[in-house]
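Residue indices begin at 1 and follow the sequence shown.
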Amino acid sequence: TQRPDSAHCHGADLRETAQLKALADAAWHRWGQLDGLVNNLLADYLVLDLCNDKGLLCGKILADLGADVLIIENPEGNPARTQPPFYKDIPHTERSLSWFYFCSNKRGITLDIAREDGKEIFKTLVRKASFVVESFHAGYMDEIGLGYTMLSQINPSLIMISITPFGSKGPYCDFQASDLILEGMGGLMSVSGDSDRAPLRCTTEQWHLGAVDAAMAALAAHYYRGNTGRGQYIDVSIQESLLWGMQVYAFWEMTKTRYKREGDRTSRGNISFKVIWKCSDGYISWRIFVAAMGRATKALVEWMDEENMAGNLKETNWENLDMNFLTQQDIKHWEELFAHFFLKHTKSELQREAVKRGLMLFPVADAKDLIEEHQLKERHYWEEIAHNELGDNLLYPGAFLKSDTGDLAIRMRAPLIGEHNEEVYVKELGIPREELLVLKQNGVI
């Protein structure tokens with residue numbers, strides 16, 4: 001945190017000392033330029049993004065941190081462009097809302113890297129790049145002659161990240177997997193749903209956890225490169241990312257029992273309490289508390305009594321109840337009265353009174369609730385981005401962090417297919433337009 005004005009290298013060669021000082025001066029000058037600009041931390045680095053929907057979030061994170069992320073698609077477009085939902089529910093490769101989000105802040109070119117001409121162009125880009133991120137099947141880049149061994153000879157400081165379902169080694173490395181398969185084999189499904197039903201999958205894709213781990217690994221490798229000048233290869237298994245995120249194994253290690261699926265209830269010994277309740281416009285989460293926490297239940301009963309809906313609940317001394325002596329029949333009776341009360345109120349009414357009365361109750365937010373949420377609005381979380389090609393502005397989720405010296409932001413919408421071909425090929429690589437036309441006619445770009 002202080003400028004290294006001198007290097008004390010006892011017995012070191014004076015020439016080495018001078019080199020170290022020069023490096024330190026250059027690093028300090030660079031830090032001085034970027035100090036406080038969190039949205040420009042990776043401003044001078046080129047990322048070649050070859051991912052499908054399994055890995056697009058990795059490049060998105062690096063792009064949000066300021067990197068120049070170049071999403072490289074086959075001439076017909078990335079398969080992720082067919083991922084619903086679509087703008088105004090019209091299926092089209094240029095209207096995928098998922099693509100819009102995960103590829104914002106990226107530039108885009110088309111290139112068939114499996115073709116010989118495409119390989120040579122890709123190698124030229126690699127010479128300028130700092131990162132390559134891909135999510136093909138394990139070993140594909142080696143199969144087409146663009147594996148890390150080859151690319152690191154072209155650019156020894158290159159960091160290459162592969163995101164695959166099960167990693168590049170092991171008996172499953174050649175297996176393909178959908179998000180459903182990975183949720184199952186990563187342990188997530190085993191804890192989802194009700195105890196008396198089969199396991200359930202999450203509605204939204206969870207393999208993005210692998211892309212998040214890939215981004216963290218890329219930044220760690222980038223730090224290592226800053227100290228050594230050397231790049232490295234990173235092998236990310238989505239199954240392992242899901243397993244680490246859930247930590248189902250930790251519960252097994254502690255108890256030697258399987259983590260129980262509980263659905264809308266939570267178990268305490270031989271009894272269970274309802275924790276998800278329907279209200280007039282959705283759902284809230286709350287549970288009956290007794291003994292030391294019984295005052296929270298008592299506060300709700302007092303509110304119910306004000307509306308003549310408490311019944312015999314007001315006769316119960318919640319703070320003196322011992323959970324060990326409760327029966328499921330007792331709880332069933334109480335829950336019927338609480339359920340009737342919740343149905344008479346909205347989520348916002350219940351949340352407002354919960355804050356005022358000290359109830360441990362909160363709404364189960366859906367997408368509409370989140371967009372209208374005052375907390376997120378106050379923090380300016382949502383960002384409106386212009387899509388001139390659609391003649392519309394769309395609302396995007398905002399940055400994953402905020403800084404008092406510069407917030408991350410969406411600088412550009414996701415690219416159209418081949419939108420930056422001329423910019424990259426002609427202006428930056430110097431390929432003549434006539435040659436570009438031939439490449440296009442031959443299906444290389």
Side-chain angles (χ1 to χ4, degrees), residues 43-53 55-56 59-60 62-63 67-83 86-87 90-96 98-100 102-137 140-148 150-151 153-155 158 160 385-391 411-445:
D44 290 343
Y45 301 97
L46 174 64
V47 179
L48 304 181
D49 189 342
L50 297 168
C51 291
N52 55 21
D53 49 355
L56 287 175
K60 162 71 174 168
L62 300 180
D68 178 13
V69 178
L70 197 59
I71 180 79
I72 301 175
E73 311 177 62
N74 276 331
E76 64 271 18
N78 193 311
R81 289 180 174 274
T82 64
Q83 182 79 14
F86 297 96
Y87 175 71
I90 300 174
H92 193 281
T93 54
E94 302 286 20
R95 300 171 78 100
S96 168
S98 174
W99 175 266
F100 286 175
F102 288 113
C103 289
S104 60
N105 281 343
K106 301 179 186 180
R107 297 191 295 163
I109 62 172
T110 52
L111 181 68
D112 187 345
I113 63 171
R115 304 278 290 273
E116 288 305 317
D117 288 342
K119 289 180 189 178
E120 293 307 311
I121 293 173
F122 184 72
K123 290 176 183 177
T124 301
L125 288 167
V126 166
R127 291 185 179 94
K128 301 160 65 73
S130 297
F131 304 87
V132 170
V133 190
E134 59 95 4
S135 57
F136 297 112
H137 67 258
Y140 175 76
M141 294 296 283
D142 286 312
E143 293 170 13
I144 63 173
L146 295 175
Y148 178 69
M150 165 62 72
L151 299 183
Q153 293 175 12
I154 298 171
N155 182 351
L158 182 72
M160 185 170 182
I385 305 301
H387 281 257
N388 295 330
E389 76 286 357
L390 300 174
R411 304 181 302 278
M412 66 178 89
R413 58 152 175 77
L416 306 174
I417 298 176
E419 181 172 356
H420 299 98
N421 279 356
E422 180 160 333
E423 181 178 302
V424 172
Y425 291 135
V426 178
K427 296 180 181 178
E428 297 176 15
L429 298 186
I431 299 175
R433 286 188 175 85
E434 297 78 12
E435 186 177 336
L436 206 63
L437 180 59
V438 173
L439 291 169
K440 184 174 182 179
Q441 291 172 341
N442 292 337
V444 178
I445 65 171

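Within the 4.5 Å cutoff, the side chain of Leu151 has heavy atoms near those of the Phe122 side chain. At a threshold of 4.5 Å between non-hydrogen side-chain atoms, the residues Val47 and Lys106 do not count as touching. Ile113 is listed as a side-chain neighbour of Phe136, based on a closest heavy-atom distance under 4.5 Å. Counting only heavy atoms from C-beta outward, the side chains of Ile431 and Val426 never approach each other to under 4.5 Å.
The distance from atom CE of Met160 to atom CG of Leu158, rounded to the nearest 0.5 Å, is 7.5 Å. The line from CG of Asp53 to SG of Cys103 is 10.0 Å long, rounded to the nearest 0.5 Å. Between Glu428 atom CD and Thr124 atom OG1 the span is 13.0 Å, to the nearest 0.5 Å. Annotation: the span from Gln83 atom CD to Ser96 atom OG amounts to 6.5 Å, rounded to 0.5 Å. If you take OG1 on Thr110 and CG on Asn421, they are separated by 3.5 Å, rounding to the nearest 0.5 Å. Note that the CG atom of Leu125 and the CD1 atom of Ile109 stand 5.5 Å from one another [nearest 0.5 Å].
Under the side-chain hydrogen bond (donor to acceptor under 3.5 Å, both in side chains) criterion, Asp112 pairs with no residue, sequence neighbours left out. Take Glu134 and apply the salt bridge (Lys or Arg N to Asp or Glu O under 4.0 Å) test, not counting sequence neighbours, and it matches no residue. Legend: residues meeting salt bridge (Lys or Arg N to Asp or Glu O under 4.0 Å) with Asp117, ordered by chain and number and at least two apart, are absent.
Among residue pairs with one or both ends in residues 431-445, those qualifying as side chain to side chain donor-acceptor pair (under 3.5 Å) are Glu422-Arg433; sequence neighbours excluded. Each salt bridge (charged side-chain N to carboxylate O under 4.0 Å, His left out) pair with one or both residues in residues 122-133, not counting sequence neighbours, appears once here: Glu120-Lys123.
Note on Glu419 versus Arg107: no salt bridge recorded, every NZ/NE/NH1/NH2 to OD/OE distance being 4.0 Å or above.
In this structure a side-chain-to-backbone donor-acceptor pair under 3.5 Å is missing from Asn74 to Glu76. Between the side chain of Asn52 and the main chain of Pro79, no donor-acceptor pair closer than 3.5 Å is present. Checking side-chain atoms of Asn105 against main-chain N and O of Arg411 turns up a donor-acceptor pair under 3.5 Å.
Nearest approach of Ala80 to Trp99, heavy atoms of both residues: CB-CE3, 4.0 Å. Closest of all the heavy-atom pairs between Glu73 and Leu416 is OE2-O, 4.4 Å. Closest approach of Cys51 and Leu56 over heavy atoms only: O-CD2, 3.6 Å.
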Less than 3.5 Å apart, which donor and acceptor atoms pair up between the side chains of residues 141-148 and the rest of the protein, not counting sequence neighbours?
{"residue": "Glu143", "atom": "OE1", "partner": "His137", "partner atom": "NE2", "Å": "3.4"}
{"residue": "Glu143", "atom": "OE2", "partner": "His137", "partner atom": "NE2", "Å": "3.4"}
{"residue": "Tyr148", "atom": "OH", "partner": "Gln232", "partner atom": "N", "Å": "3.2"}

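Between His387 and Phe100, the distance from one ring center to the other falls under 6.0 angstrom.
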